[in-house]
Amino acid sequence: MSIRTSLILSYLALVVLLTFGMLTGADWIGEKLRRKNLTFTENAVKKITEANLGLSEKILKKYGEFSVVDVAEAIARELSYLLASKKSYSYAAMRRDPTLRRVAVQDILTPDGVAGYTDLLDIFGVSVLHPNPTVEGKNFVMWADEFPEMWKLVNSSFSQPKVNGYYTFIDRDCKKRQKFMALVRVPKTPFVVVAAVNIDKYFLPAHEHIKRHSEETRKRADQAIAHYAADMDRKVKIVGLIGGGALSLIGILFGFFFAANISRPLLRLRQGVGELGEGNFEVAVPEKGAREVVDLAHRPWL
């Protein structure tokens, strides 16, 4: 194998190794950066999703509370037209009046079904109209010790036009439930409209719906981020390969150039030595090339 070929192959091997090392190092660094950016982006999306979820639940809760209060106020206005003109009230007659019962006792609905109901108390705590007939005629003070939060709200409604809050009480099926209640005085009457909803049926289903959609949105965002990261990684590798190929090509060209510069003076020197061997003592070897070659060409030949 000639010196020129050996030099070219050695230079080419060096260029290939350097290029491979650079691409491997760049790929390793790029992978670390990609993973770091992906983790950072996923955490950012998660935090934003959680913040949006918390805000949505807060807004939804306030909207739900407002809706319950609005139902109680609407029924109180309607009952005021039916009851305000009367000087005395017969609870038994009121319970037999289908129009009065239809207005005072209503289901509070959500897209998932019945979540609560409305009923009617007097300002002493006696249940006048209630969806559970066994409760009618009973005074809510009898539950004051067992359900103090409920009684505090009911008792406040005797002196305030509007009261609302959270509490625990028995439902129409006689089971204890966490509830939200709005109490509104019927104008010009001794009655209070009560609108009560079960939290697990009124607020929580909507919260779960928001959570599901938020989780789906987060998953889609994670998939989009991962797809984008993979696409960027692919493009970086393509650019790296193209750059490495271009660098290798440039290296090969420089290899040919440097190999020629080194081998050409040696070939001339070899030619001169050959002519000397044939008896041509007038041959002149150009003093060009590396210092060692010039020094060798400059020596006297005997």
Side-chain angles (χ1 to χ4, degrees), residues 58-141 143-144 147 149-172 177-203 205-206:
K58 184 176 181 180
I59 294 174
L60 180 63
K61 183 178 178 181
K62 288 297 181 183
Y63 177 77
E65 293 173 0
F66 173 80
S67 298
V68 176
V69 173
D70 188 60
V71 168
E73 290 177 337
I75 292 176
R77 286 193 297 268
E78 190 170 357
L79 287 177
S80 68
Y81 295 117
L82 299 174
L83 299 174
S85 60
K86 296 184 178 181
K87 295 181 180 180
S88 61
Y89 304 95
S90 169
Y91 290 178
M94 290 174 64
R95 291 176 186 134
R96 292 193 299 269
D97 188 332
T99 301
L100 196 60
R101 181 174 288 276
R102 176 182 56 79
V103 174
V105 180
Q106 300 182 27
D107 288 332
I108 298 179
L109 303 174
T110 69
D112 297 319
V114 178
Y117 57 85
T118 64
D119 60 283
L120 188 67
L121 303 176
D122 67 13
I123 58 172
F124 302 103
V126 176
S127 176
V128 180
L129 294 168
H130 196 278
N132 187 347
T134 61
V135 177
E136 291 181 349
K138 295 181 180 179
N139 195 311
F140 274 59
V141 73
W143 293 293
F147 304 107
E149 295 173 333
M150 176 277 301
W151 176 246
K152 182 178 179 181
L153 291 171
V154 171
N155 190 47
S156 298
S157 70
F158 301 157
S159 57
Q160 299 181 36
K162 187 189 302 182
V163 178
N164 64 78
Y166 292 86
Y167 68 107
T168 301
F169 194 55
I170 55 175
D171 197 8
R172 65 173 72 187
R177 296 285 185 89
Q178 290 292 318
K179 310 180 79 171
F180 175 79
M181 177 169 59
L183 302 100
V184 178
R185 286 285 298 271
V186 180
K188 301 179 182 179
T189 72
F191 300 110
V192 179
V193 173
V194 180
V197 294
N198 299 324
I199 295 175
D200 59 346
K201 291 185 177 181
Y202 194 74
F203 296 114

One pair to check against side chain to side chain contact (heavy atoms under 4.5 Å, CB included): Y167 and F147. What are the steps and the verdict? CA-CA 8 Å; Y167 68 107; F147 304 107; over 6 Å; no

Trace of the side chain to side chain contact (heavy atoms under 4.5 Å, CB included) decision for M150 with V154: CA-CA 6 Å; M150 176 277 301; V154 171; 3.7 Å; yes

Please report the C-alpha distance between I199 and R177 in whole Å, then the side-chain angles of each, then the deciding distance to 0.1 Å, and finally whether the side chain to side chain contact (heavy atoms under 4.5 Å, CB included) criterion is met. CA-CA 8 Å; I199 295 175; R177 296 285 185 89; over 6 Å; no

Using the rule given for side chain to side chain contact (heavy atoms under 4.5 Å, CB included), can you reason through V71 versus V68, listing the C-alpha separation, both sets of side-chain angles and the distance that settles it, and then say yes or no? CA-CA 5 Å; V71 168; V68 176; 5.7 Å; no

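Inter-residue side-chain proximity for F158 and F124 is flagged as unmet; no heavy-atom pair is nearer than 4.5 Å. Two residues are said to be in side-chain contact when any heavy atoms from C-beta on lie closer than 4.5 Å; V192 and D122 fail this criterion. Side-chain contact between V69 and K162 is present, with at least one heavy-atom pair separated by less than 4.5 Å. Contact of the D119 side chain with the P131 side chain is registered, since non-hydrogen atoms from C-beta on lie closer than 4.5 Å. Between V197 and K179, every side-chain heavy-atom pair lies at or beyond the 4.5 Å cut-off. Side-chain contact check for Y166 versus Q178: every heavy-atom pair is 4.5 Å or farther apart. Under the 4.5 Å side-chain criterion, counting only non-hydrogen atoms from C-beta, H130 is not in contact with V194.
With sequence neighbours left out, T189 forms a side-chain contact (heavy atoms from CB on, under 4.5 Å) with L83, A84, Y89, V186, F191. Residues satisfying the side-chain contact (heavy atoms from CB on, under 4.5 Å) criterion with A104, sequence neighbours excluded, are L79, L120, L129. Residues passing the side-chain contact (heavy atoms from CB on, under 4.5 Å) test with F66: none are found, sequence neighbours excluded.
Of the charged side-chain nitrogens involved, at least one lies within less than 4.0 Å of a carboxylate oxygen, so that R101 and E136 count as a salt-bridged pair.
Side-chain atoms of D70 never come within 3.5 Å of backbone atoms of E73 as a donor-acceptor pair (strictly under, hydrogens ignored).
Just one residue in the list I75, V103, D107 forms a side-chain contact (heavy atoms from CB on, under 4.5 Å) with T118, and that residue is I75.
When all heavy atoms are compared, the tightest approach of A115 to T110 is CB-CG2, 3.6 Å. Annotation for P187 and A76: closest pair CD-O, 3.8 Å, computed over non-hydrogen atoms.
Note that OG of S127 is 7.0 Å distant from CZ of R95, once rounded to the nearest 0.5 Å. Put simply, CZ on F180 and CD on E65 are 4.5 Å apart, with the number rounded to the nearest 0.5 Å. We find the CH2-CD distance between W151 and E149 to be 15.0 Å, quoted to the nearest 0.5 Å. A distance of 6.5 Å separates OG in S157 from CG in L121, rounded to the nearest 0.5 Å. Separating the CG atom in N164 from the CG atom in L183 is a distance of 8.5 Å, to the nearest 0.5 Å.
Checked against the 6.0 Å centroid criterion, the rings of F169 and W143 qualify as a close aromatic pair.
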